[in-house]
Amino acid sequence: MKFVSDFLIIGSGIAGLSYALKVAEHGRVALVTKREVSTTATGLAQGGIAAVASASDSFAEHIRDTMEAGAWLSNEAIVRLVVEEGPAAIEELIRLGVRFTRGASGDYDLTREGGHSQRRIYHAKDETGKEIERALVEMARTHQNITIYEHHVAVDLITESKTARRRVTPNRCLGAYVLDTKTGEVETFGAAITVLATGGAGKVYLYTCNPDVATGDGIAMAYRAGATIANMEFMQFHPTTLYHPHAKSFLISEAVRGEGAILRRRDGTAFMENYHPLKDLAPRDIVARAIDNEMKVHGDDCVFLDITHKDPAFVKDHFPNIHQTCLGYGIDMTREPIPVVPAAHYLCGGVRVDSWGETDLANLFAIGEVACTGLHGANRLASNSLLEGAVFGARAAQRSLEHYRAGQPPFPAIAPWDTCSARNSDEEVVVAHNWDEIRRCMWNYVGIVRSTKRLVRALRRVQMIQEEIADYYWDFYITSDLIELRNIATVAELIIRCALKRQESRGLHYTIDYPHTDDIHWKKDTIIRKTF
C-alpha cells in the first residue's frame with residue numbers, strides 16, 4: 001500500500017473536517033477530497049446552523065419543530081441528542097475560529113427560517129457555510145497529523161471480503177481505492193478507520209443547487225460494499241433557486257423567507273396561505289409542492305419571491321451575497337421580486353448509521369449528508385444539516401478513537417488496483433449522454449410529484465443504462481467522469497427502489513397513487529441492502 005493512515009476521511013465539508021480535527025490529536029489522518037478542499041456543499045450553505053440559544057427558546061421546541069418538519073418519521077431519540085448537543089457544537093465552531101454575525105448589541109444575530117418556531121439560526125451574513133469551511137480548512141491545513149489529498153476521487157471501498165476473495169464474517173472496511181485525477185493512477189489508501197463524509201447526491205437530478213461534486217459517491221460505494229442504505233426516496237427540493245437562463249442553480253436562502261419575503265404568482269398574488277397555516281414559513285416540502293402546483297396550474301416557468309416591502313438597507317445588510325449575485329443577473333431584489341423555481345437540494349436518506357455515525361460494516365463510519373442518522377426523517381428542517389455535521393463529526397470521532405485504542409485484528413495484504421485489459425476510451429460521448437439521460441429521467445419521473453407508473457418506467461431505463469455503464473467501466477481506464485456516472489446511476493436506482501417501496505405520501509415523497517400518509521404500515525424507514 002502506498003498510503004497508510006490511522007484514519008481515512010473521504011470528503012472535506014463540516015462533518016469530515018470536524019472529525020479530522022478531533023482524531024488528528026491521536027493518530028495520522030489522510031483526508032481525500034475530489035476537487036479543492038473547500039469545494040463542498042458546506043461552503044455553499046447560505047442560511048445558517050440551528051441551535052437553541054435564547055431564553056425564549058427551548059430544546060423541546062427545537063425537537064418539536066424538527067419532528068414536525070420530518071413528518072414524524074424522525075428518530076426522536078436522535079433528534080433530542082442532536083438538539084441537546086447543538087449549543088456545545090456551536091461553541092466548538094466558535095473556538096475553532098468561526099465568526100458568526102453579531103447584532104448592534106454585540107449578541108449573536110439569530111435569525112429564523114421556514115419550519116422554526118423561534119429565532120435560533122446562527123449565521124455569517126448569507127455565507128455561513130463559507131465562513132465555517134474557511135475556519136475549519138485553516139485549522140486542518142496547519143495540523144501536522146492531517147494530510148490533505150486534493151483532486152483525489154474515491155473509486156470503491158476496500159473490504160476484507162473483497163481482499164480475501166471470499167465471504168468474511170463479520171466483514172470490515174480496510175480503506176479505499178482512490179483515483180489521483182492529476183496522474184490518472186488509482187492508489188490504495190489503507191486505514192484502521194474509514195469515514196465517509198462525501199455529502200449528498202443532488203447531481204442525480206437535472207436541476208440542483210448542489211455543487212458539481214455532489215454525485216452520491218459515498219452512498220454508492222457503501223452500498224456496493226454491503227452497508228445498509230435507508231430512506232433514499234426523501235430528496236429535498238429547495239423551493240427557491242434563482243430562475244435565470246445564465247444562472248447555474250443559485251440558491252436563494254430560506255432565510256429570505258424567514259425575514260419576511262412572500263412568494264407570489266406572476267400577477268402578484270400571494271399563494272402560500274392556500275397551502276399551509278405558516279404560509280411562506282411552511283416546511284420546505286410543502287413550499288416546493290406548492291410552487292410546483294402553481295407553475296403547472298398557471299402555466300408559468302417560475303414564481304416570484306418578494307422582499308421589496310423591506311427596507312433596502314436591511315436587505316443589503318442581511319443578504320449581501322444574494323443581493324450582489326442577483327444584481328449580476330440584472331435583478332435588484334430591493335426593487336423587484338426574484339424569479340425562483342425548486343431544485344434538488346438535500347438528501348434525507350443515505351448510509352444507515354447508529355447514534356455514533358457507525359455503519360453496519362465494521363470500521364466504516366458515515367457522517368454528514370451521506371448518512372441517514374434518523375434526524376431528518378421525511379424532510380429536513382432548515383439549518384439542521386450543518387448542526388448534524390458538527391454533532392456527528394464529534395460523536396464519530398469519539399467512537400472511532402475507542403475502536404482505535406482497543407486495537408485491530410492484523411491488517412491483511414491488499415492487492416493494488418487491477419486495470420486488467422483496460423484501454424484509453426475513444427467514446428467519451430457515451431459517458432456524457434448517459435449522464436444527461438439519467439438526470440433528465442430522474443427529474444421527469446422521480447421529482448417532486450411521483451406515480452408508480454413513472455417510477456417503474458424510470459427504474460427500467462436506469463437499469464438499462466447501468467448495463468451499458470458496467471460494460472464500459474471494465475473496458476476502459478477509469479476517469480472521474482466515469483466514476484461519477486457509475487455512482488449517480490447506482491444512487492438513482494436506490495432512490496427509485498425506495499420510492500416504489502413506500503406506498504404512502506409522507507414529507508418529501510409524494511405519490512399520486514398513495515396520496516395519504518399511512519402511520520399504521522409506513523411509519524418506519526425504507527431499507528435496502530445489496531445481495532451478494
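Nothing fancy with the numbering, it's 1 onward along the sequence. Quick caveat, the model's predicted, so the values are computed rather than measured.
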Does [X] reach the main-chain N or O of [Y] with its side chain, forming a donor-acceptor pair under 3.5 Å?
{"X": "T39", "Y": "R35", "result": "no"}
{"X": "H152", "Y": "E150", "result": "yes"}
{"X": "D513", "Y": "T452", "result": "yes"}
{"X": "E484", "Y": "V213", "result": "no"}
{"X": "D436", "Y": "A432", "result": "no"}
{"X": "T526", "Y": "A230", "result": "no"}
{"X": "T40", "Y": "G13", "result": "no"}
{"X": "T517", "Y": "S505", "result": "yes"}
{"X": "N363", "Y": "A192", "result": "yes"}
{"X": "R395", "Y": "W356", "result": "no"}

Can you tell me which residue among I488, N210, I495 is in a side-chain contact (heavy atoms from CB on, under 4.5 Å) with Y205?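 Answer to the side-chain contact (heavy atoms from CB on, under 4.5 Å) test with Y205 among I488, N210, I495: I495.
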Mind checking what makes salt bridge (Lys or Arg N to Asp or Glu O under 4.0 Å) contact with D217, not counting sequence neighbours?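 Result, salt bridge (Lys or Arg N to Asp or Glu O under 4.0 Å) vs D217: K34.
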According to salt bridge (Lys or Arg N to Asp or Glu O under 4.0 Å), who are the partners of D6, at least two apart in sequence or on a separate chain?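 D6 satisfies salt bridge (Lys or Arg N to Asp or Glu O under 4.0 Å) with R28 only.
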Pairwise salt bridge (charged side-chain N to carboxylate O under 4.0 Å, His left out) hits with a residue in [range], at least two apart:
{"range": "residues 226-240", "result": "E233-R502"}
{"range": "residues 192-212", "result": "K203-D212, D212-K248"}
{"range": "residues 442-462", "result": "E437-R461"}

Test item: [X] and [Y] side chains (from C-beta on) under 4.5 Å apart, heavy atoms:
{"X": "Y514", "Y": "R506", "value": "no"}
{"X": "T241", "Y": "P342", "value": "no"}
{"X": "M295", "Y": "D301", "value": "no"}
{"X": "L401", "Y": "R399", "value": "no"}
{"X": "I527", "Y": "I229", "value": "no"}
{"X": "E493", "Y": "M232", "value": "no"}
{"X": "V37", "Y": "R141", "value": "yes"}
{"X": "C498", "Y": "I528", "value": "yes"}

Regarding Q236 and D285, do their side chains bring together a donor and an acceptor under 3.5 Å, going by distance alone?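 On atom types as modelled, these side chains do not qualify, holding no pair under 3.5 Å.
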Check this for me: does any side-chain nitrogen of one of [X] and [Y] sit under 4.0 Å from a carboxylate oxygen of the other?
{"X": "R352", "Y": "D360", "answer": "no"}
{"X": "K130", "Y": "E133", "answer": "no"}
{"X": "E254", "Y": "R284", "answer": "yes"}

Side chain to side chain donor-acceptor pair (under 3.5 Å) with [X]: which residues, sequence neighbours excluded?
{"X": "S12", "value": "T33"}
{"X": "R167", "value": "none"}
{"X": "E113", "value": "S383"}

Looking at L364 and C173, what are the two nearest heavy atoms and their distance?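 Here L364 and C173 meet closest at CB-CB, 3.9 Å.
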Suppose the criterion is ring-ring contact (aromatic ring centres under 6.0 Å, His included): which pairs have a residue in residues 482-509, not counting sequence neighbours?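 Matches after skipping sequence neighbours: none remain.
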ring-ring contact (aromatic ring centres under 6.0 Å, His included) contacts touching residues 434-456 (sequence neighbours left out):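 Qualifying pairs: Y207-W443, F237-W443.
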Provide the full list of side chain to side chain donor-acceptor pair (under 3.5 Å) pairs with a residue in residues 367-376, sequence neighbours left out, each pair given once.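 For residues 367-376: Y346-H376, T373-E388, H376-E388.
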Should the ring pair F7 and Y404 be called parallel, tilted or perpendicular, given that the plane angle runs from 0 to 90° and is split at 30 and 60?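 The arrangement is tilted - the two ring planes meet at 30° to 60°.
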Assess whether side chain to side chain donor-acceptor pair (under 3.5 Å) is satisfied between S253 and D126, documenting all intermediate values. CA-CA 8 Å; S253 171; D126 58 349; over 6 Å; no
Are the ring centres of F365 and F392 closer than 6.0 Å?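 When the ring centroids of F365 and F392 are compared, they turn out to be at least 6.0 Å apart.
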Could you list the donor-acceptor pairs under 3.5 angstrom formed by side chains in residues 16-24, with sequence neighbours left out?
from, atom 1, to, atom 2, distance (Å)
S18, OG, I14, O, 2.6
Y19, OH, S400, OG, 2.8

